[in-house]
Amino acid sequence: MRRCRFALALACCLAGGNACAQASGSVSLVSDYYYRGVGYSKGDPVAQFNLSFDTRSGFYAGTFASQLKMSGTPHGVYAIGYAGYARRMTAGPSWEVGASNHTFSSMSALNYREVYAGLGGDRLSGRVSYSSAYLGTSMRTVYGELNGGVALTDDVGLFARVGYLRPVSKVPRYTSGARADARIGVSMSIEAWKMQAAWDALHAERGAYARSSGSIGSRNGLVLTLGRSF
């Protein structure tokens with residue numbers, strides 16, 4: 001959690017300086033929580049919190065936290081602290097670089113860090129992330145993702161994302177190798193409230209989602225979200 005506190009401290013410093021930081025956040029309840037296709041709530045509803053700070057100079061920082069429920073461990077909190085820099089090109093999309101720290105309060109052996117770089121436009125954005133010790137293992141990974149969205153009306157929109165995790169070192173026998181995840185859904189906003197319904201899917205080689213080494217595992221399900229921004 002030290003890195004998460006550092007990210008928040010950095011954000012508060014930016015907010016208090018001449019950078020003219022803008023703060024935003026939200027609280028939400030999700031029917032089931034998946035991150036990059038992996039379930040972190042055992043199919044149960046969990047509460048989540050998000051807080052971010054953006055400055056006119058391009059620096060940003062923030063934190064995300066969710067209730068965590070994993071088999072064989074006490075309930076806890078999964079948190080992501082992040083900080084980075086984003087800049088819009090003279091003509092075309094914006095770019096960003098940054099770093100994040102992922103913390104599991106009830107299973108610290110899974111903690112890991114990532115660095116990332118990305119490009120983003122009005123409707124489509126992409127990011128590539130690298131970890132030197134993914135989920136606390138010796139495995140180095142690269143994760144690529146594409147996110148898109150389109151507004152149907154002022155209050156209703158469609159969104160989608162696809163991601164692919166690729167190990168770039170030896171895969172430990174007790175963990176999964178390459179995997180792909182995807183999400184597609186619809187969102188609706190009513191003043192400060194936001195509702196989402198999404199179909200989340202995972203396709204993985206080996207590990208917890210496969211019965212034996214070298215086989216393919218998959219799962220999919222509907223995820224509902226109700227949130228309020230502030």
Side-chain angles (χ1 to χ4, degrees), residues 1 3-5 7-8 11-12 22-54 60-82 100-108 110-112 114 125 127 129 135 143 145-163 179 181-202 204 208-209 218-230:
M1 296 298 292
R3 295 276 176 154
C4 296
R5 291 195 294 268
L8 279 175
C12 292
Q22 180 178 359
S24 62
S26 66
V27 291
S28 58
L29 181 67
V30 297
S31 62
D32 195 0
Y33 178 46
Y34 294 99
Y35 181 70
R36 296 179 178 175
V38 178
Y40 285 168
S41 69
K42 296 198 301 185
D44 296 333
V46 293
Q48 298 181 338
F49 171 80
N50 185 63
L51 182 65
S52 63
F53 296 86
D54 299 279
Y60 63 86
T63 188
F64 164 85
S66 174
Q67 288 179 290
L68 177 67
K69 300 180 181 181
M70 300 183 73
S71 300
T73 64
H75 294 177
V77 174
Y78 170 58
I80 305 174
Y82 61 89
S100 61
N101 184 69
H102 301 247
T103 303
F104 299 78
S105 67
S106 56
M107 189 175 284
S108 59
L110 298 179
N111 295 352
Y112 68 99
E114 285 185 327
S125 65
R127 177 185 283 184
S129 305
L135 285 177
Y143 182 79
E145 60 183 292
L146 284 175
N147 297 273
V150 58
L152 301 180
T153 69
D154 290 341
D155 302 317
V156 179
L158 299 176
F159 62 90
R161 69 175 302 279
V162 292
R179 67 170 181 254
D181 64 274
R183 167 176 283 201
I184 185 169
V186 58
S187 63
M188 175 182 293
S189 299
I190 302 177
E191 296 182 347
W193 293 91
K194 188 173 184 179
M195 295 161 282
Q196 290 185 349
W199 191 259
D200 207 303
L202 171 72
Y209 296 94
S218 63
R219 63 118 209 101
N220 55 77
L222 178 66
V223 178
L224 304 176
T225 304
L226 174 63
R228 180 178 176 83
S229 59
F230 58 85

Q: Apply side chain to side chain contact (heavy atoms under 4.5 Å, CB included) to S187 and K194, showing your working.
A: CA-CA 7 Å; S187 63; K194 188 173 184 179; 4.0 Å; yes
Q.
Is it the case that the side chain of S106 and the backbone of T73 share a donor-acceptor pair, with hydrogens and angles ignored and the cut-off at 3.5 Å?
A. no
Q) Which atom names give the shortest non-hydrogen contact between N220 and A201, and what distance separates them? A) CB-CB, 3.8 Å
Q: Hey, could you give me the CZ/OG distance between F230 and S24, rounded to the nearest 0.5 Å?
A: 8.0 Å
Q. What do the steps show when you test D44 against Q67 for side chain to side chain contact (heavy atoms under 4.5 Å, CB included), and what is the final call?
A. CA-CA 10 Å; D44 296 333; Q67 288 179 290; over 6 Å; no
(Q) How close do A182 and V162 get, counting heavy atoms only, and between which atoms? (A) CB-CG1, 4.1 Å
Q) What closest approach, in Å, do F159 and A198 show between heavy atoms, and which atom pair accounts for it? A) CZ-CB, 3.9 Å
**Q.** R36 charged N/C atom sitting above Y143 aromatic ring, 6.0 Å / 45°
**A.** yes
Q.
To the nearest 0.5 Å, what is the distance between NZ on K42 and CG on D32?
A. 11.5 Å
Q) Which is it for V77 and L68 under the side chain to side chain contact (heavy atoms under 4.5 Å, CB included) test, yes or no, and what are the steps along the way? A) CA-CA 5 Å; V77 174; L68 177 67; 5.6 Å; no
Q.
Set out, in order, the CA-CA distance, both residues' side-chain angles and the distance that settles side chain to side chain contact (heavy atoms under 4.5 Å, CB included) for Y82 and S52, then state yes or no.
A. CA-CA 9 Å; Y82 61 89; S52 63; 3.4 Å; yes
Q) If only atom types and distance count, is the side chain of T153 paired as donor or acceptor with the main-chain N or O of D155 below 3.5 Å? A) yes
Q. Which atom pair, heavy atoms only, marks the closest approach of K69 to P45?
A. NZ-O, 3.9 Å
Q.
Would you compute the distance between atom CD1 of I80 and atom OG1 of T63 and round it to the nearest 0.5 angstrom?
A. 8.0 Å
Q. Quick check, are the ring centers of F104 and Y40 under 6.0 angstrom apart?
A. yes
Q. Between CG of D181 and OH of Y34, what distance do you get to the nearest 0.5 Å?
A. 12.0 Å
Q) Looking at Y60 and D54, what are the two nearest heavy atoms and their distance? A) CB-OD1, 3.4 Å
**Q.** Reported OH-to-OG distance for the pair Y78 and S41, which is rounded to 0.5 angstrom
**A.** 13.0 Å
Q) Which atom names give the shortest non-hydrogen contact between L29 and V46, and what distance separates them? A) CD1-O, 3.3 Å
Q. From R127 CZ over to R161 CZ, what is the distance, rounded to the nearest 0.5 angstrom?
A. 10.5 Å
(Q) Ignoring hydrogens and geometry beyond distance, is a side-chain donor-acceptor pair present between Q48 and N50 at under 3.5 Å? (A) no
